[in-house]
Amino acid sequence: IDFGRRVWQPVKQRIDWRLVDGEGVRTVYLKFRSFIDFQGDVFAKSIFLDQTPPSKPVIISPTNGQKYLDVQPQISGTAEALTHVHVQIIRRDRQKVFIEADVSVDEKGAWKFTPITSIPAGSYLVRAAGKDAVGNISEYQELPFSIMDTTAPVAPVIIFPAQHSTLFTSTVVTNGTAEPFAKIIIFRDGVITYQATADENGAWSFAFPSLLENGVHAVEYLAVDAAF
């Protein structure tokens, strides 16, 4: 290597060079020169420049739109062997990363991740990107899934009519409160007859479409949430 036309630089603890773009072997040569122009041996170090990201991982579980009762579902898939996968779980209504982790891919190309934090009921996206040893990152693969609400809603509150009340009209509008967006199933004399839906504040009402006959009637109410 001819250093005769090179620019000599003062010795520093660190000197940065920019390598020529493109894949392949790059070699850095180094030589020291004293202040009286005594030149030492040439040192060389070669590296392989890798700028190609790994292929996009495949997500096997969850499947597209899968619903889980488990609040710590296992996420799994395939990717390039002996690389890593960056996994993100994003809450869709907030567009915010809830959990993320780097997962190792085994020699057969399989990877899996089980959250150590319970995931609240709701709708989510799982995203996975391949990451190789030098830091190249692939595009993200993503699939939607949801965690189902396993907690039964509280019983609806009936504001009207009051229990054991006597009505002097056959046209009745019943109303009350419940969990927001819950469905209210109404039983009239033991038969599922009608359905109402609570609004975002939990308020609901329903006008019976037919006149009630004279006499005693039993009306019961059941709340069902979105997980039903």
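Keep in mind it's a predicted model, so treat the numbers as computed, not measured.
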For [X] and [Y], work out which heavy atoms get closest and say how close.
| X | Y | result |
| --- | --- | --- |
| S205 | A196 | O-CB, 3.9 Å |
| K112 | V103 | O-CG1, 3.1 Å |
| S123 | S146 | CA-CB, 4.2 Å |
| I185 | Q195 | CD1-OE1, 3.5 Å |
| E23 | T52 | OE2-OG1, 2.6 Å |
| F187 | L222 | CE1-CB, 4.0 Å |

(request) Taking ring-ring contact (aromatic ring centres under 6.0 Å, His included) as the test, write out the residues that go with F113, two or more places apart. (result) none

(request) State which residues pass ring-ring contact (aromatic ring centres under 6.0 Å, His included) with W111; sequence neighbours excluded, sorted by chain then number. (result)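 Here no residue qualifies.
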
Measuring from atom [atom1] of [X] to atom [atom2] of [Y], what distance do you get when rounded to the nearest 0.5 angstrom?
| X | Y | atom1 | atom2 | result |
| --- | --- | --- | --- | --- |
| K31 | W8 | NZ | CH2 | 5.5 Å |
| K131 | I137 | NZ | CD1 | 5.5 Å |
| K45 | T27 | NZ | OG1 | 10.5 Å |
| W204 | T177 | CH2 | OG1 | 8.5 Å |
| I89 | K96 | CD1 | NZ | 15.0 Å |
| I59 | Q66 | CD1 | CD | 12.0 Å |

(request) Please say whether more than 12 non-hydrogen atoms of neighbouring residues, nucleotides or ligands are located less than 6.0 Å from CD1 in I116. (result) no

[X] vs [Y] aromatic rings, parallel, tilted or perpendicular, using cut-offs 30° and 60°?
| X | Y | answer |
| --- | --- | --- |
| F145 | Y124 | parallel |
| F43 | F32 | perpendicular |
| F208 | Y194 | perpendicular |

Shared hydrophobic cluster, [X] / [Y] (ILVMFWY, side-chain heavy atoms < 4.5 Å):
| X | Y | value |
| --- | --- | --- |
| I99 | L143 | yes |
| L125 | Y140 | no |
| M148 | V71 | no |
| L167 | V219 | yes |

What pairs with [X] under side chain to side chain donor-acceptor pair (under 3.5 Å), at least two apart in sequence or on another chain?
| X | result |
| --- | --- |
| R92 | none |
| Q9 | none |
| D189 | H217 |

Does the side chain of [X] reach to within under 4.5 Å of the side chain of [Y], using non-hydrogen atoms?
| X | Y | value |
| --- | --- | --- |
| F206 | I184 | no |
| V224 | P153 | no |
| P161 | T174 | yes |
| I147 | P120 | no |
| I75 | S61 | no |

(request) List, by chain and number, the other hydrophobic cluster members for V25, where Ile, Leu, Val, Met, Phe, Trp and Tyr join if side-chain heavy atoms come within less than 4.5 Å, directly or indirectly. (result) F48

(request) Check which hydrophobic residues are tied to V154 through side-chain heavy-atom contacts below 4.5 Å, counting indirect links as well, and list them. (result) none

Set of side-chain contact (heavy atoms from CB on, under 4.5 Å) partners for [X], sequence neighbours left out:
| X | result |
| --- | --- |
| D16 | R14 |
| E139 | K56 |
| D93 | R91 |

(request) Report yes or no: does D106 contribute a side-chain atom to a donor-acceptor pair with the main-chain N or O of K108 at less than 3.5 Å? (result) yes

(message) Tell me whether Q72 contacts the main-chain N or O of P115 through its side chain, where contact means a donor paired with an acceptor under 3.5 Å.
(response)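 Answer holds: yes.
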
(request) Please step through side chain to side chain contact (heavy atoms under 4.5 Å, CB included) for the pair D102 and H86, ending with a clear verdict. (result) CA-CA 4 Å; D102 284 324; H86 186 70; 2.8 Å; yes

Identify every side-chain donor-acceptor pair in residues 76-85 under 3.5 Å, counting partners at least two apart or on other chains, and give the distances.
residue : atom : partner : partner atom : Å
E80     : OE2  : S55     : N            : 3.0
T83     : OG1  : E80     : O            : 2.6

(request) Not counting sequence neighbours, list each pair that qualifies as a ring-ring contact (aromatic ring centres under 6.0 Å, His included) and has a residue in residues 148-179. (result) none

